[in-house]
Structure formats: structure tokens, C-alpha cells
Amino acid sequence: MEWLTGLQELREEGAAGVLVTLTSVRGHAPRAAGAKMVVARGRAWDTIGGGNLEATLTEQAHHMLSAGESEPRSEEISLNERATTRYGQQCCGGKVTALLEPIAAPPVVAIFGAGHVGLEVARALSRLPVSLHLTDSRQAAVNAAESLEPLDGSATLRVHHAPAPEAVLKELPAGSHILIMSHDHSEDLILCDTVLGRDDLASVGLIGSSAKWARFRKRLLELGHDEAALGRITCPIGIPGIGGKSPAVIAISVVAALAQVIDRP
């Protein structure tokens, strides 16, 4: 059941893939109907029989990933000497039909700062189908974050203890949503500087007041970032008009605003 391992790994990583299932087999074939494999960029789990059959369907899965296809497709392949592809022949004598189902990558949300607000945001996000990363430079905060597992929801959670949190930020996949809310303004500034070194993130939010953002804007401009780049950072974060100061209220506001971004077509 390696394909189940593949599905779990893709879910934890927030990566896309294709589930390939043999839905019908007529005549002789290397695997029976129901055989499955999972294909992702550069790797695969399990097998549907190897040879020309598997190579052809793997190529189709890679094409679907590259094209960003979201609809399943069905493929019929003959396994006889008259059916030749660029991978050669597989002369079992049968015919198989395969269903290729795209597995969408869940949104990746990375919270930098596992303080009171960060933990409340993580709790709220834990009930959504996201790949959640929670990073802090303090071991005590990481210990508290790890108590969130197992989550009572559909999210997957990875907790990172990182004395230099920007190292974690650099490794996040393209399209990630970033929430910066560490315990230290200097750390927040380093994270903002690192964020602006990437142009492939889906959204970036910085917790704080307008006064904090004014100070950060000045410092980031001095570091060489331009106004257009600074426009990629939202500060303050959350739904406008919510004035509560408790961590739970702030978290509700932040997650509501993030949900609007994640659900945007």
C-alpha cells in the first residue's frame, strides 16, 4: 500500500500529485483492476505493473501536473505487439483502462511566532484543509506548539524550532501564505526582508499597528526594497473594524482575512 504513503507525504508537504488507478482489465495484464500508484513531480509510489503501461501513464500524470489540470481523465491502453509507444511494447495481450485523478496541493500557511496569538491562529487553521507550519526561535514556545498535535481537524501541522526562522521561510514552497507574528520586532524585520527576497509567495501578513509598519517600511526601503515590493506585505492584518485585543479575537480576524485570500480564484 505504498500509494497511501505517497498520498500522506504529499498532504504533509502541501504538494500536488496524481492518483492512477486501473479501473478495468481485459485479458492479460501485469496487475489486476484496482491497482494504484501515486505520481508526483520527480517521484512515484507503488506500481501498476511497470513497463510500457506504467511509463505511459506516468508521462500522462506528469503532463497533467505541468498543465495544472484539475479534472480526472480516463486512458485506455492496449498491451499487444500492435500497440507501440515511444516506450516500446508490453505484449501481455490485454487491454486496461486507467483513471488519473489530480490531487490538488493544499494551501500552505506558515506562521512565524508561536506566542499567544500564533497558537490561537494555528488552532483556528487546524480545522481547515491546509498544510500548516508553525515556527519559533524559542524552545519553550515550540514545546507549547507541539501540544497542538494531534489536531482535531483536517490540517497537517509541522512545528519548527529555528533560531534563525528565516531559514525555514526560504524552504517553503511557492504559493505559500505567510503570517509574521514573532515575539521580537527585530526578528519580524528579518523575516520581512527575507520575504521580499522571494516573488513567488501567495500572501504575506505582518501583525502590528500602522506605526509599526511605518517604521518597518522606512527600514526596508533603506535595505534596498522598493515601494512595489513593500506592497506585497499587508500590515495590519485581519478584518478591518474588529477592535478586540484578545488573542482569540485577533486570531478570528486574521484567519477570516486569510480565508478570503485562500479562496480567491
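Values in this document were obtained by computation on a predicted structure and should not be read as measured data.
No more than 12 heavy atoms of other residues, nucleotides or ligands lie within 6.0 Å of CG in Asp199, so this atom counts as exposed by the packing criterion. The environment of NE2 in His116 is sparse: at most 12 heavy-atom neighbours from other residues, nucleotides or ligands sit within 6.0 Å.
Contact of the Pro106 side chain with the Pro129 side chain is not registered, since no non-hydrogen atoms from C-beta on lie closer than 4.5 Å. At a threshold of 4.5 Å between non-hydrogen side-chain atoms, the residues Gln60 and Arg73 count as touching. Contact annotation: the side chain of Asp46 never approaches that of Lys36 to less than 4.5 Å [non-hydrogen atoms, C-beta and beyond]. Side-chain contact between Glu146 and Leu157 is absent, with no heavy-atom pair separated by less than 4.5 Å. Residues Ser131 and Val109 are not in side-chain contact: their nearest non-hydrogen atoms beyond the backbone lie 4.5 Å or more apart. Looking only at side-chain heavy atoms (C-beta outward), Val108 and His177 stay at 4.5 Å or farther from each other. The side-chain heavy atoms of Gln260 and Ile239, taken from C-beta on, include a pair separated by under 4.5 Å. In this structure the side chain of Glu75 reaches within 4.5 angstrom of the side chain of Leu57, judged on heavy atoms.
Interatomic distance, Gln8 CD to Arg11 CZ, rounded to the nearest 0.5 Å: 6.0 Å. Going from atom CD1 of Ile237 over to atom OG of Ser203 covers 10.0 Å, rounded to the nearest 0.5 Å. Here the straight-line distance linking atom CG of Leu125 with atom CG of Leu132 works out to 5.5 Å at 0.5 Å rounding. To the nearest 0.5 Å, the span separating CH2 on Trp213 from CG on Leu230 amounts to 5.0 Å. The structure places CD1 of Ile190 at 9.5 Å from CG of Asp188, a figure rounded to the nearest 0.5 Å. With rounding to the nearest 0.5 angstrom, the OG atom of Ser253 is 11.0 Å from the CG atom of Leu258.
The heavy-atom pair separating Ala40 from Ala16 by the smallest distance is CB-O, 3.8 Å. Across Thr135 and Pro165, no two heavy atoms sit closer than the pair CG2-CB, 4.1 Å. Residues Leu201 and Pro173 come closest through the heavy atom pair CD2-O, 4.4 Å. Residues Leu119 and Ala114 approach most closely at CG-O, 3.6 Å, considering heavy atoms. For the residue pair Pro30 and Leu53, the shortest heavy atom distance occurs at CG-CD2, 4.1 Å.
Put simply, the side chain of Arg219 never gets that close to the backbone of Leu189: no donor and acceptor are under 3.5 Å apart. Looking at Arg232, its side chain does come within 3.5 Å of a backbone N or O of Arg198 through a donor-acceptor pair. Looking only at distances, no side-chain donor or acceptor of Arg138 sits under 3.5 Å from a matching main-chain atom of Pro163. A side-chain donor-acceptor contact under 3.5 Å links Ser66 to the backbone of His62. A donor-acceptor pair is defined here as one N or O able to donate and one able to accept, closer than 3.5 Å; no such pair exists between the side chain of Thr58 and the backbone of Ala55.
Through direct or indirect side-chain contacts shorter than 4.5 Å among Ile, Leu, Val, Met, Phe, Trp and Tyr, Trp45 is connected to Met1, Trp3, Leu4, Leu7, Leu10, Leu19, Val38, Ile103.
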Between His160 and Asp136, does a side-chain hydrogen bond (donor to acceptor under 3.5 Å, both in side chains) hold up when you go through it step by step?
CA-CA 7 Å; His160 307 271; Asp136 205 290; over 6 Å; no
Glu54 vs Thr47, side-chain hydrogen bond (donor to acceptor under 3.5 Å, both in side chains): CA-CA, chis, key distance, verdict:
CA-CA 7 Å; Glu54 188 165 304; Thr47 179; 2.4 Å; yes
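Judged by distance alone, the side chains of Asp193 and His225 do bring a donor and an acceptor atom under 3.5 Å apart.
Between Phe216 and His185, the two ring planes are perpendicular [angle over 60°; tilted spans 30° to 60°].
Ionic pairing of Glu76 and Arg26 is present here: one or more N-O contacts between side-chain nitrogen and carboxylate oxygen are shorter than 4.0 angstrom.
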